Amino acid sequence: MRPMPEPFRIKMVEPLYPSTREQRKRWLEAAGYNLFNLHATQVYIDLLTDSGTGAMSDRQWSMLLRGDESYAGAESFYRLAKTVDDVFGFTQFVPTHQGRASEALLFGVMVKPAQIVPNNTHFDTTRANLEMAGACAVDLPIPEARDTASEHPFKGNIDIERLEKLLEDTTPGRVPLGMLTLTNNSVGGQPVSLENIEQTKLLLAKYDVPLFLDACRFAENAWFIHRREPDWKDKPLEEIVRTAFSFADGFTFSAKKDGLANIGGLLGVRDKSVFEQIKQRMVVTEGFPTYGGLAGRDLEAIAQGLTEVLDPAHLAHRVGQAVSMVEQLDGAGVPVLKPAGGHGVFLDARRFLPRIPLEEFPGQALAAALYLETGVRSCEIGSVMFAKRDKDTGEMRFPDLDLVRLAIPRRVYTNAQLAWVAEGIADLYAQRDHITGMRMVEEPPVLRHFSARFAPIFRAVIQ
Ligand code: F0G
């Protein structure tokens, strides 16, 4: 498919930082082979994350000047409140400084130790926040999510049968809430269908369990529904979003993604008593409920961003960028997750590097090699992030997939730049036998992928 041209023109530019392989080799070593430890100026094209890395529009920048910095009751809050009601149909919400703050607040109020929270797949911060609250985070993706070649249109769905079994087998009161992550980041930015959202709501309601959406990429999710779900094909995106949220008893949201802002989050709940507890709790950690750890100008950026993100031209171009990259990579024989996700391209590191055993972190090895050869920064979403040692047997439990995510920041890189990245990956694939595995030499106890350090394992290449 010919990529759609950028649906914007560029008013301001910032420099890129080209480098030599020799320089990158030194920087990589100094960073302990963990790309989170690089200086951003050591990166040429930064696809580490689509979170907070987008370009704001001229309208967003102009709204910053209207930020009302009053401690309580700022006009900016009320403008945001009107947008949140218009877009999501929620009147009870608080702003937070980012998505994980919403998670910490919500779980702090609703989740008790030893409880269980099911989700299609928990993002790493969601899982960590639940585990810090003493609860157990259970992932219930559909089986197709494990197969990177399956073209299932809604690979992000939760497995309804397994959810039902979990609810049946669990003593009442042990599941304080159920979640759905839209889109399902950890399985490749894959969408959840409206049918699946509705079924989840109905099932949870049968057991008196509220449904919360992790709505970070709600607009991209709506785009896939608009394009793929028979009952909703070509329906207005606004209607799809309102319908999805009508099934929700609450939501967490990182405005750094589909809020088109560089910082911020939201937490919405319908239950009055939970809402009051959240408001009381947040004053201690986030701030007063009308600013929630943000400046008034940030609230304006989010409110404006939420009015722009459902523009079909934006979503067609954005998702189109991922589709074009996947087509280019697939054409070159590179094992890439299909269909393309909403916010990026995911390489299947196990199929890319079949000689590297799981214990040697194929995803980390691939991300490091890609940086070394091209200056492109990606992110491992696999064993470094999720593998855990079994408490009883001491055995390593690996996740279903080792992916390397190339997350596409919103409105930042052009089609030409991304085509260049795909070409670099294809070249790397041709030399894949030279890539070595990794040993973790420093392992922090929580969210280890952010700061773990690695060393390459050198061994003779067996031909
Ligand atoms: N939920 C999902 C599905 C996410 O992707 C993220 C963040 C969060 C929650 C937490 O939001 O960063 O604002 O605190 N994902 C980023 C990423 C970090 O790179 O995918 P946050």
Side-chain angles (χ1 to χ4, degrees), residues 1 50-51 87-88 99 119-123 126 139-160 163 178-201 211-248 251-254 257-258 309-312 314-326 336-346 381 400-401 403 405-408 410:
M1 193 178 73
D50 63 322
S51 179
V87 175
F88 302 121
N119 197 335
N120 47 354
T121 312
H122 293 271
F123 184 66
T126 325
D139 293 337
L140 301 172
I142 56 170
E144 289 85 347
R146 255 177 260 130
D147 174 5
T148 54
S150 156
E151 295 270 3
H152 191 291
F154 291 103
K155 243 172 157 175
N157 282 354
I158 195 166
D159 188 326
I160 294 287
L163 178 63
M179 294 188 80
L180 281 178
T181 304
L182 317 178
T183 57
N184 192 341
N185 187 358
S186 310
V187 307
Q190 299 293 313
V192 180
S193 69
L194 253 182
E195 185 188 22
N196 192 253
I197 300 173
E198 182 174 11
Q199 283 177 348
T200 306
K201 168 65 190 167
L211 170 63
F212 278 73
L213 301 180
D214 173 344
C216 290
R217 299 178 180 85
F218 74 96
E220 291 163 15
N221 200 78
W223 177 253
F224 285 115
I225 291 171
H226 170 84
R227 296 301 293 267
R228 292 184 187 163
E229 191 160 348
D231 288 351
W232 291 90
K233 214 162 159 27
D234 301 329
K235 289 262 164 59
L237 292 157
E238 289 78 7
E239 194 185 327
I240 292 173
V241 172
R242 289 287 291 231
T243 308
F245 279 74
S246 72
F247 296 122
F251 70 97
T252 56
F253 177 63
S254 167
K257 286 101 179 160
D258 277 346
V309 75
L310 289 173
D311 175 1
H314 160 70
L315 289 167
H317 172 256
R318 172 158 181 70
V319 176
Q321 286 196 319
V323 170
S324 297
M325 282 183 81
V326 166
V336 61
L337 190 147
K338 290 193 282 184
H343 64 295
V345 170
F346 294 68
I381 299 200
D400 293 332
L401 298 171
L403 301 174
R405 183 185 73 175
L406 299 127
I408 305 175
R410 293 166 182 77

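Everything quoted here is computed from the prediction, not taken from an experiment.
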May I ask you to check whether over 12 heavy atoms, not counting those of Glu195, lie within 6.0 Å of atom CD?
-> no
Neighbour count >12 (heavy atoms, 6.0 Å) for atom CZ, Arg227 |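 At most 12 heavy atoms, drawn from other residues, nucleotides or ligands, come within 6.0 Å of this atom.
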ring-ring contact (aromatic ring centres under 6.0 Å, His included) filter on His226, not counting sequence neighbours, yields Trp223
Residues forming a ring-ring contact (aromatic ring centres under 6.0 Å, His included) with Phe247, sequence neighbours excluded = none
Closest non-hydrogen atom pair, [X] against [Y]:
{"X": "Arg228", "Y": "Pro153", "result": "NH1-O, 2.9 Å"}
{"X": "Gly188", "Y": "Leu403", "result": "N-CD1, 4.5 Å"}
{"X": "Pro339", "Y": "Lys155", "result": "CD-CD, 4.1 Å"}
{"X": "Leu337", "Y": "Val187", "result": "CD1-O, 3.5 Å"}
{"X": "Leu213", "Y": "Ala244", "result": "CD1-O, 3.9 Å"}
{"X": "Ala219", "Y": "Leu310", "result": "CB-CD2, 3.7 Å"}

Distance check, rounded to the nearest 0.5 Å: [X] atom [atom1] versus [Y] atom [atom2]?
{"X": "Gln190", "Y": "Phe346", "atom1": "CD", "atom2": "CZ", "answer": "8.0 Å"}
{"X": "His317", "Y": "Leu315", "atom1": "NE2", "atom2": "CG", "answer": "11.5 Å"}
{"X": "Leu182", "Y": "Ser193", "atom1": "CG", "atom2": "OG", "answer": "10.0 Å"}
{"X": "Ile381", "Y": "Leu401", "atom1": "CD1", "atom2": "CG", "answer": "10.5 Å"}
{"X": "Asp311", "Y": "Leu237", "atom1": "CG", "atom2": "CG", "answer": "9.0 Å"}
{"X": "Asn185", "Y": "Asp50", "atom1": "CG", "atom2": "CG", "answer": "7.0 Å"}

Under 30°, 30 to 60°, or over 60°: which ring-plane class applies to Phe218 and Phe88, parallel, tilted or perpendicular?
-> perpendicular
With sequence neighbours left out, what residues match Asp258 under side-chain hydrogen bond (donor to acceptor under 3.5 Å, both in side chains)?
->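 With neighbours one apart ignored, the set is Arg410.
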Which residues share a side-chain hydrogen bond (donor to acceptor under 3.5 Å, both in side chains) with Asn119, sequence neighbours left out |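 By the side-chain hydrogen bond (donor to acceptor under 3.5 Å, both in side chains) rule, Asn119 matches His122, Thr181.
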Report the C-alpha distance between Trp232 and Glu239 in whole Å, list the side-chain angles of each, state the deciding distance to 0.1 Å, and finish with yes or no for side-chain contact (heavy atoms from CB on, under 4.5 Å).
-> CA-CA 9 Å; Trp232 291 90; Glu239 194 185 327; 3.8 Å; yes
Give the C-alpha distance, both sets of side-chain angles, the deciding distance and a yes or no for side-chain contact (heavy atoms from CB on, under 4.5 Å) between Val87 and Phe245.
-> CA-CA 9 Å; Val87 175; Phe245 279 74; over 6 Å; no
Checking [X] side chain against [Y] main chain: does a donor-acceptor pair fall under 3.5 Å?
{"X": "Asn184", "Y": "Val192", "answer": "no"}
{"X": "Arg318", "Y": "Ile408", "answer": "yes"}
{"X": "Asn120", "Y": "Gly156", "answer": "yes"}

Mind checking whether [X] and [Y] have side chains closer than 4.5 Å, heavy atoms only?
{"X": "Met179", "Y": "Thr252", "answer": "yes"}
{"X": "Leu180", "Y": "Asn196", "answer": "yes"}
{"X": "Lys235", "Y": "Ile225", "answer": "no"}

Taking only residues two or more places apart in sequence or in another chain, which ones pass salt bridge (charged side-chain N to carboxylate O under 4.0 Å, His left out) with Asp159?
-> none
Listed partners of Arg146 passing salt bridge (charged side-chain N to carboxylate O under 4.0 Å, His left out), at least two apart =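 Applying salt bridge (charged side-chain N to carboxylate O under 4.0 Å, His left out) to Arg146 gives Asp400.
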For the side chain to side chain contact (heavy atoms under 4.5 Å, CB included) test, which of Val241, Leu194, Thr183 pairs with Asn221?
->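 The single option meeting the side chain to side chain contact (heavy atoms under 4.5 Å, CB included) with Asn221 is Thr183.
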